[in-house]
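Okay, so here's the structure we're looking at.
Please read all numbers here as calculations on a predicted model, not as lab measurements.
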Amino acid sequence: MRFERLPLARAAVTAAVATLWATAAFAVNVNFVSGATGRDIDLMRELVKPWEKDTGNTVTIVPMPSSTTDQFAQYRLWLAAGNADVDVYQTDVIWAPQLADNFVDLTEAAADVVKDHFPSIIASQTVDGKLVAMPVFTDAPALYYRKDLLDKYGEKVPTTWDELAATAKKVQDGERAAGSKDIWGYVFQGAAYEGLTCNALEWLKSNGGGTIIDTDGNITVNNPEAVKALEMAAGWVNTISPPGVLSYMEEESRGVWQTGNAVFMRNWPYAYALGNGDGSPIQGKFDVAPLPGGGGDNKSAATLGGWNVAVSKFSPNKDAAISLVLYLSSKDVQKERALQNSQLPTVISLYDDPDIAAKQPLIPRWKDIFLNAVPRPSAQTKIAYNEVSNKFWSAVHETLAGTTPAGDSLEVLEADLQDLKGGGW
Ligand code: GLC
């Protein structure tokens, strides 16, 4: 008996060992780093579950600071050191030209699916023919406004910056007199980081002041309209915007807005789902509109944002990482992200999706806004972009803080950018 049973037992053990071996050989853990803004990390944990189940792999999500500037600084260090611990990076739309050399070319892996996405977005992630990242969502900001308060004061949604400032002041003063001591008219992102570059680019562009650097790489930032645009924004600080706005990033502005302490806010679409979420004091009380323009021919301008996923060329788990990247950028996952986080899909067909339109009506309304959004000058300035932006936001911040008048800030900035440009970008 013992001898008869032995081969069976042996077969079972052999099979178990084979399974173990297969699991060890094929199932891997993918380390994924992503900035943590709003519900980003919680949602990501939910989104990766079906992929983990299907592949047998696991994903460890490493939350990074919300500030894109802080993320970029850390990632650049890791990549320069050839860090093999991170397999997948969530990347800002502006990083592609700067970090391209560190990521795997996804052209072949994504060949069947790139056509599902807006071509301009795929183009923004393509550097010298190499597809360095796949998009997970695109971004274009909105003017959030309190419907209830505008109704109460008989005001319309502002379409110019002057109207915004006047309405913000009127409602702020009225509400304060009625006992809402902490209310402010307008919150935005005024800290010294990339988000301020986005805000200030909108002020310039919507007032006829150009785009810092034009599409040919010429430095255009020092012009009278740009000076006026910065003077306009500096005039808001401590009148309709809290002095603390000088250190606000996205989440700080949303904090003030979502507790009901702002009449208007400039922010990205993620704040829409959160503001309407259960328990939000402003649930159902607000809507969104395009940001104001300068008036006349000076139309509203929205800075183009967005996030992507890229595979590190130092990853020891490239196949699994590529599979995860394709999954996260897929239509199904983008739909879930749109439904839950009101983040704008990059998959074209989702703009006709009835579930998305019903649950997050902002999304179909924002298609034209992001398609016409203004890109930051990252393609022209290539590896110098972060420094260009850093010099720009620093100059703007000094003016907002009242340390340097707008004209002087932009004159110094122009000279600094010329030095940086040297013979060319
Ligand atoms: C948003 C945008 C991103 C931008 C950042 C600035 O996350 O999607 O592109 O750089 O805001 O704070």
Side-chain angles (χ1 to χ4, degrees), residues 67-69 73 94 160-162 164-165 168-169 184-249 252-253 266 291-298 301 303 374-378 380-381 384-425:
S67 161
T68 178
T69 301
I94 48 177
T160 66
W161 292 111
D162 285 349
L164 171 97
K169 183 85 172 80
W184 285 95
Y186 184 47
V187 290
F188 58 93
Q189 294 75 47
Y193 80 122
E194 183 65 27
L196 180 55
T197 290
C198 297
N199 281 250
L201 174 60
E202 288 153 5
W203 306 332
L204 262 59
K205 175 77 175 136
S206 65
N207 282 297
T211 55
I212 313 165
I213 288 169
D214 69 14
T215 43
D216 295 327
N218 303 307
I219 299 158
T220 60
V221 73
N222 187 17
N223 67 74
E225 286 75 22
V227 171
K228 273 192 233 136
L230 293 194
E231 282 168 350
M232 165 192 89
W236 299 333
V237 181
N238 218 3
T239 56
I240 56 168
S241 304
V245 79
L246 293 171
S247 56
Y248 284 6
M249 297 189 286
E252 289 81 10
S253 349
R266 182 259 184 219
L291 290 171
D297 289 342
N298 291 328
T303 298
V374 192
R376 283 161 273 174
S378 54
Q380 305 87 299
T381 55
Y385 176 72
N386 190 54
E387 225 173 318
V388 167
S389 184
N390 192 317
K391 289 188 186 305
F392 178 62
W393 82 56
S394 303
V396 174
H397 196 262
E398 281 188 20
T399 294
L400 292 185
T403 334
T404 315
D408 296 352
S409 282
L410 293 187
E411 205 179 305
V412 174
L413 174 64
E414 181 182 37
D416 283 354
L417 292 180
Q418 263 153 3
D419 283 350
L420 188 63
K421 182 175 177 183
W425 296 112

Once you measure the plane-to-plane angle for Trp161 and Trp236, does it fall in the parallel (<30°), tilted (30-60°) or perpendicular (>60°) bin?
tilted

Separation between [atom1] of [X] and [atom2] of [Y], rounded to the nearest 0.5 Å:
{"X": "Arg266", "Y": "Trp203", "atom1": "CZ", "atom2": "CH2", "answer": "9.0 Å"}
{"X": "Phe392", "Y": "Asn390", "atom1": "CZ", "atom2": "CG", "answer": "12.0 Å"}
{"X": "Leu204", "Y": "Thr197", "atom1": "CG", "atom2": "OG1", "answer": "10.5 Å"}
{"X": "Leu196", "Y": "Leu400", "atom1": "CG", "atom2": "CG", "answer": "6.0 Å"}
{"X": "Leu164", "Y": "Tyr186", "atom1": "CG", "atom2": "OH", "answer": "6.0 Å"}
{"X": "Ser253", "Y": "Phe188", "atom1": "OG", "atom2": "CZ", "answer": "9.0 Å"}

Is it the case that the side chain of Asn223 and the backbone of Gly209 share a donor-acceptor pair, with hydrogens and angles ignored and the cut-off at 3.5 Å?
yes

Ignoring hydrogens and angles, state whether a donor on the side chain of [X] or [Y] is under 3.5 Å from an acceptor on the partner side chain.
{"X": "Gln189", "Y": "Asn199", "answer": "yes"}
{"X": "Trp184", "Y": "Ser241", "answer": "no"}
{"X": "Ser389", "Y": "Glu194", "answer": "yes"}

Report yes if some heavy atom in the side chain of [X] is under 4.5 Å from a heavy atom in the side chain of [Y]; otherwise report no.
{"X": "Val187", "Y": "Pro242", "answer": "yes"}
{"X": "Leu417", "Y": "Val388", "answer": "yes"}
{"X": "Pro243", "Y": "Asn238", "answer": "yes"}
{"X": "Gln380", "Y": "Asp216", "answer": "no"}
{"X": "Ile213", "Y": "Asn218", "answer": "no"}

Could you go through Leu230 and Leu410, starting from their C-alpha distance and side-chain angles, then the distance that decides it, and tell me whether this counts as side-chain contact (heavy atoms from CB on, under 4.5 Å)?
CA-CA 9 Å; Leu230 293 194; Leu410 293 187; 3.8 Å; yes

Taking all non-hydrogen atoms of both residues, which atom of Ser67 and which atom of Met249 are closest, and how far apart?
CB-SD, 3.6 Å

Taking it one step at a time, do Ile212 and Leu201 satisfy side-chain contact (heavy atoms from CB on, under 4.5 Å)?
CA-CA 7 Å; Ile212 313 165; Leu201 174 60; 4.2 Å; yes

State which residues pass side-chain hydrogen bond (donor to acceptor under 3.5 Å, both in side chains) with Thr381; sequence neighbours excluded, sorted by chain then number.
none

Please collect all side-chain hydrogen bond (donor to acceptor under 3.5 Å, both in side chains) contacts where either partner lies in residues 409-425, sequence neighbours excluded, each pair once.
Asn222-Glu414, Thr399-Ser409

List in chain and number order the residues that pass ring-ring contact (aromatic ring centres under 6.0 Å, His included) with Trp393, two or more places apart in sequence or in another chain; answer none if no residue qualifies.
none

